[in-house]
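Proteins get letters first, then strands, A, B, ... in listed order; numbering begins at 1 in each. Fair warning: this is a prediction, and the values are worked out from it, not measured in the lab.
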Amino acid sequence: MKAPDDLAPRWFAQALLAWFDAHRRALPWRGSPDAYGVWLSEIMLQQTRVDTVVPYYLRFLERYPTVAALAEAPLDEVLGAWSGLGYYRRARSLHAAAQAVVDRHGGSFPRELSALRALPGVGAYTAGAIASIAFGERTPLVDGNVARVLSRLFALGDPLGTSASDRALWATAERLVPDERPGDFNQALMELGATVCTPDRPRCERCPVAERCRARLEGRELELPVPRARKAPTRLRLVAAVVRGPDGLLLARRPAGGLYGGLWEPPMVEGGLREAKATLAEAGVSLGAKRGAIEHVLTHRRLAIVVHSGRVDGTIRALAPYEELAFVSDPEGGAIGLSTMAKRVLSISTVEATSPRAGRRR
DNA sequence: AAAACGGGGTG
DNA sequence: CACCCAGTTTT
């Protein structure tokens, strides 16, 4: 694979850095970045927008000022602070990585790419971000923004997400990243993608490198990058039982791996009402009146959830695949992890209690 | 190499 | 509604 050389790396870095110095957004993790802050922000920013991350980042930093403080916190509390951010495995990895930094690196982050890469939740992108931004190492990185910018600049036509595309993008990024200010350069590339070289309406008139952008010169900026093929989301029908007892709400904890791993929710089972009734009965929960229904949409899944009230008959028994069932007095207090989906199910039954006609929200 | 993994903003 | 976001991990 021949590296494109129609764009001189030095000129490119100079133009991009000058633009970045004039147009960079003021974000809470910028300024004088330490490895802990960079790492925390980068984990949160994985597949998550800047505006969404900012309040979580500030809250985390206040609650866990150091990596040691985070390492000592209970996992359930960290999941509680993460609730609503999504991709909950990140929170579990965050906690495990904090403990690894304390146990294996004496409480300070390593600066070698391989050591960073070995931390849970840290892949090629995040390792490159920490190494370049926090430690000034000449390390490339490729995220969604960089992929789009480079695809257009060099007219890279491989569909995103393929190994061919990955190879070309990382090789290109590696060639461009300068010895001086590699962290600023990487952030500038991402900033350009986020604010100028946007997916739908690129503002080429504001782009500092438009004069040497191949896609622009060929009038193909809207055709690149070629998106990866998308699979239709699978549909899932679920029945949820909202059980209120004297000690609070009956919640179930999901298994650590997989969807909503480690989070709590009202017990729910897959399938139709008849099937759900039988399964829940085995766990000692009997289903009452229907309270409403919601549809919760994920990237690759559509959950149709019918919400019933429920009652415990005698003793509660295990309910697969949940790890544990327990009555919780203050589910949204932050002591445990609760997904937005679970909160919606709970709000349905709460709203329903005072206003019987309330159906689907949003 | 492909699929799983959340949630929300945007046009 | 479709797309996509400062990706990583597992299969």
Side-chain angles (χ1 to χ4, degrees), chain A residues 24-25 27-30 33 37-57 79 82-94 96-97 116-130 132-133 140-149 158-167 169-170 173 183 186-195 197-201 222 225 227-234 236 254-263 265 295-303 337-344 362:
Chain A
R24 64 156 68 184
R25 295 171 290 179
L27 299 175
W29 45 86
R30 289 186 175 158
V38 172
W39 165 71
L40 181 61
S41 65
E42 291 300 343
I43 299 294
M44 289 184 168
L45 286 162
Q46 289 169 9
Q47 300 288 282
T48 309
R49 288 185 153 72
V50 166
D51 291 344
T52 306
V53 165
V54 168
Y56 282 89
Y57 175 79
L79 287 169
W82 197 272
S83 293
L85 253 193
Y87 285 98
Y88 296 93
R89 187 171 59 190
R90 290 184 297 173
R92 305 179 69 86
S93 300
L94 189 83
L116 289 167
R117 193 69 181 65
L119 296 172
V122 177
Y125 164 79
T126 304
I130 299 172
S132 64
I133 298 171
L141 61 74
V142 176
D143 75 330
N145 287 307
V146 175
R148 182 172 55 257
V149 170
D158 293 313
L160 296 185
T162 62
S163 55
S165 165
D166 275 358
R167 271 196 307 277
L169 288 167
W170 280 91
N186 284 334
Q187 292 186 81
L189 216 41
M190 295 190 280
E191 192 92 337
L192 188 70
T195 63
C197 194
T198 53
D200 294 331
R201 259 168 31 112
L222 291 180
R228 67 174 310 165
R230 213 169 284 277
K231 221 184 79 176
T234 56
L236 222 53
R254 300 184 61 94
L259 189 66
Y260 297 128
L263 273 66
E265 65 192 24
E295 178 145 319
H296 195 71
V297 182
L298 309 177
T299 299
H300 51 286
R301 210 164 285 205
R302 294 178 81 94
L303 312 178
L338 213 59
S339 68
T340 299
M341 180 272 286
K343 288 179 182 172
R344 289 188 63 202
R362 287 187 54 121

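The side-chain hydrogen bond (donor to acceptor under 3.5 Å, both in side chains) check on Gln187(A) picks up Arg30(A), with sequence neighbours excluded. The side-chain hydrogen bond (donor to acceptor under 3.5 Å, both in side chains) check on Tyr260(A) picks up nothing, with sequence neighbours excluded. Applying the side-chain hydrogen bond (donor to acceptor under 3.5 Å, both in side chains) rule to Ser41(A) yields no partners; only residues at least two apart in sequence or on another chain are considered. Applying the ring pair (Phe, Tyr, Trp, His ring centres under 6.0 Å) criterion to Tyr57(A), with sequence neighbours excluded, gives Trp29(A). In terms of the side-chain contact (heavy atoms from CB on, under 4.5 Å) criterion, residue partners of Thr162(A) (sequence neighbours excluded) are, by chain and number, Asp158(A), Pro159(A), Ala164(A), Ser165(A).
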(message) Counting primed atoms plus P, OP1 and OP2 as sugar-phosphate and everything else as base, spell out the protein contacts along nucleotides 5-11 of chain C at 4.0 Å heavy-atom distance: B, S or - for each nucleotide, 5' to 3'.
(response) BBBBS--
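Following rounding to the nearest Å, Leu259(A) (CG) and dG7(B) (C1') show an atom-to-atom distance of 12 Å. Remark: C1' of dC5(B) and CZ of Arg90(A) are 10 Å apart, rounded to the nearest angstrom. Atom CG of Leu298(A) is separated from atom C1' of dC3(C) by 16 Å (rounded to the nearest Å). Put simply, CG on Leu79(A) is 11 Å from P on dG6(B), counting in whole angstrom units. The separation between Arg301(A) atom CZ and dG7(B) atom P is 12 Å, rounded to whole Å. dG6(B) atom C1' lies 15 Å from atom CZ of Arg302(A), rounded to whole Å. Distance, His300(A) NE2 to dC3(C) P: 17 Å, rounded to whole Å. Rounded to a whole Å, the NZ atom of Lys343(A) is 9 Å from the P atom of dG7(B).
Nucleic acid contact class of Arg201(A) (heavy atoms, under 4.0 Å, all strands): none. In this structure, Gly261(A) reaches neither bases nor backbone, as no heavy-atom distance under 4.0 Å exists between it and the strands shown. Contacts of Leu85(A) with the nucleic acid, taken as non-hydrogen atoms under 4.0 Å apart, include base atoms.
Remark: the separation of the C1' atoms in dA6(C) and dG11(B) is 22 Å, to the nearest Å. Rounded to a whole angstrom, the distance from the C1' atom of dC5(B) to that of dC5(C) is 14 Å. Comparing the C1' positions of dG6(B) and dC3(C) gives a spacing of 15 Å, expressed to the nearest Å. As rounded to the nearest Å, dG8(B) and dT9(C) have C1' atoms that lie 23 Å from one another.
In the displayed structure, Arg201(A) atom CZ is contacted under 6.0 Å by at most 12 heavy atoms of other residues, nucleotides or ligands.
Nearer the 5' end of DNA chain B, as judged by each residue's closest nucleotide, is the contact made by Gly161(A), out of His296(A) and Gly161(A). Where Leu263(A) and Thr162(A) each meet DNA chain B at their nearest nucleotide, the meeting point lying more 5' is that of Thr162(A).
Ion pairing between Arg24(A) and Glu191(A) fails under the 4.0 Å rule for side-chain N and carboxylate O.
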